[in-house]
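We're numbering straight along the sequence, starting at 1. Just so you know, these numbers use all the heavy atoms, side chains as well, and skip hydrogens, waters and symmetry mates.
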Amino acid sequence: MYELAVCAEMVFLDLPMHERVRRVHDAGFQVEIWDWTRHDLDALARTPAEFSSMTGYVRGSLTDEAGAAELLRTAEESVRAAEQLGCPRLNLHGTGLDGQGLPVSPVTGEVTGAMWIAAHRTLTRIAELGESAGVVFTLENLNTAVDHPGVPFATAADTLALVQAVDRPGLRMNLDLYHAQIGEGNLIELVRRAHALDLIGEIQVADVPGRREPGTGEINYPALARALKELGYEGTIAMEAWASETPESALARFREAFTP
């Protein structure tokens, strides 16, 4: 069976991060964090938590020379931080995001062929870094309609195409079903395709609308859980969602949705 994780950035918001991490662990889940530079890594490492994923860069982008160099440099820093926490996966986006989730370098118009080639080249180097360090970088699909306008390679189709083109074990897809529902839908077929290609590094979930825990919106997560069980998916499913009521009830609803 798959493992369940919870993003500590979005629950127990009245507590300091190391206490959030401990509460998520005590509830029986692995833990995800975002930008590691904002946290006391020593304090996090002292918790008993098992970390499943963290942001794999601090700044940079996939498509321009200066941005790619910065992405790679800060990815190397992120690898060292991940080693301190024993975290096996480091997450990437099409470009750097600010504190509101907006792209630092938004793209206007269509993503060009030259940008695809540059992204492929940058991600190949990222995958090589991951392989040498014994970690996996994951490229996350986002949505541009609600949360992340202007991010290149945002759709699940684009993200999957890039990861497939790089075709290295150091790079996989972070398949975010919340973002995919807003951008594309047809989630069970999307999961089946990505799984058949062996390109899923992790799956993230939240419901639509509102980005709250499963069971609060339109996505049939129990059906997705059954499909994942039938496929034999054994990776991590992480709740990256705000609690609609209490954090405890959100975690309980998440566990219930993914206990087929």
Side-chain angles (χ1 to χ4, degrees), residues 2-10 30-36 50-62 68 71-72 74-83 85-97 101 119-120 122-143 147-148 151-180 183 187 190-191 193-206 228 233-241:
Y2 39 73
E3 300 284 346
L4 298 181
V6 172
C7 178
E9 307 277 357
M10 302 179 77
Q30 296 178 355
V31 178
E32 292 196 353
I33 60 172
W34 291 340
D35 180 2
W36 56 269
E50 180 180 354
F51 291 89
S52 61
S53 179
M54 58 190 284
T55 301
Y57 69 108
V58 181
R59 291 172 300 278
S61 63
L62 297 178
L71 180 70
L72 285 157
T74 60
E76 291 175 353
E77 295 177 355
S78 299
V79 165
R80 292 191 289 273
E83 289 173 350
L85 298 181
C87 185
R89 287 181 296 279
L90 295 98
N91 198 42
L92 306 170
H93 309 103
T95 187
L97 304 178
H120 179 273
T122 304
L123 288 169
T124 299
R125 295 173 66 188
I126 286 285
E128 292 169 351
L129 171 63
E131 290 157 23
S132 66
V135 297
V136 174
F137 283 90
T138 57
L139 183 63
E140 180 183 2
N141 62 292
L142 302 173
N143 80 79
D147 298 286
H148 306 288
V151 172
F153 314 111
T155 67
D158 286 352
T159 303
L160 188 61
L162 275 172
V163 174
Q164 186 177 13
V166 172
D167 192 25
R168 296 192 64 118
L171 180 70
R172 286 292 181 265
M173 182 180 184
N174 182 351
L175 178 51
D176 190 305
L177 296 179
Y178 161 79
H179 292 307
L187 298 184
L190 175 60
V191 166
R193 180 184 175 208
H195 185 271
L197 294 169
D198 192 26
L199 296 179
I200 300 176
E202 177 181 322
I203 293 172
Q204 289 183 330
V205 301
L228 288 165
Y233 177 70
E234 296 180 346
T236 295
I237 299 172
M239 185 180 79
E240 191 182 47

From Tyr2 atom OH to Ile237 atom CD1, the distance as rounded to the nearest 0.5 Å: 5.0 Å
Any donor-acceptor N or O pair under 3.5 Å, side chains Asn174, Asn91: yes
Ring pair (Phe, Tyr, Trp, His ring centres under 6.0 Å) assessment of His179 paired with His148: CA-CA 10 Å; His179 292 307; His148 306 288; 5.3 Å; yes
Test item: Glu9 side-chain N/O and Trp34 main-chain N/O as donor-acceptor pair under 3.5 Å: yes
Arg125 atom CZ: more than 12 heavy-atom contacts under 6.0 Å: no
Main-chain N/O of Asp158 paired to Thr155 side chain as donor or acceptor, under 3.5 Å: yes
Residues Tyr178 and Asp147: side-chain donor-acceptor under 3.5 angstrom: yes
Minimum heavy-atom distance between Ala156 and Met173, given as atom pair plus value: O-CE, 3.6 Å
Under 3.5 Å donor-acceptor, Ser132 side chain and Leu129 backbone: yes
Distance (rounded to the nearest 0.5 Å) between Glu3 CD and Glu202 CD: 11.5 Å
Nearest heavy-atom neighbours spanning Ala180 and Leu187: CB-CD2, 3.7 Å
Leu160/Arg193 under side-chain contact (heavy atoms from CB on, under 4.5 Å): CA gap, chis, key distance, verdict: CA-CA 9 Å; Leu160 188 61; Arg193 180 184 175 208; 3.6 Å; yes
Atom pair SG (Cys87) and CD (Glu32), whose distance is rounded to the nearest 0.5 Å: 8.0 Å
OH on Tyr57 to CG on Leu90, rounded to 0.5 Å: 12.0 Å
side-chain contact (heavy atoms from CB on, under 4.5 Å) evaluation trace for Leu142 with Phe153: CA-CA 8 Å; Leu142 302 173; Phe153 314 111; over 6 Å; no
Nearest atoms (heavy-atom pairs only) where Arg89 meets Thr236: NH2-OG1, 3.0 Å
Modelled atom types, side-chain donor and acceptor of Ser78 and Trp36, under 3.5 Å: yes
Shortest non-hydrogen contact from Ala154 toward Thr159: O-OG1, 4.1 Å
Nearest heavy atoms of Gln30 and Ser52, plus distance in Å: OE1-CB, 3.2 Å
Closest contact, heavy atoms only, Asp176 versus Glu240: OD2-OE1, 3.3 Å
Side chain to side chain, Glu50 and Val31, heavy atoms closer than 4.5 Å: no
side-chain contact (heavy atoms from CB on, under 4.5 Å) evaluation trace for Leu197 with Gln164: CA-CA 8 Å; Leu197 294 169; Gln164 186 177 13; 3.7 Å; yes
CG-OG distance between Leu92 and Ser61, expressed to the nearest 0.5 angstrom: 11.5 Å
Under 3.5 Å donor-acceptor, Glu131 side chain and Gly170 backbone: yes
Thr138 side, atom OG1; Leu171 side, atom CG - distance, nearest 0.5 Å: 8.0 Å
Side chain proximity check, Leu85 to Ile33, heavy atoms < 4.5 angstrom: yes
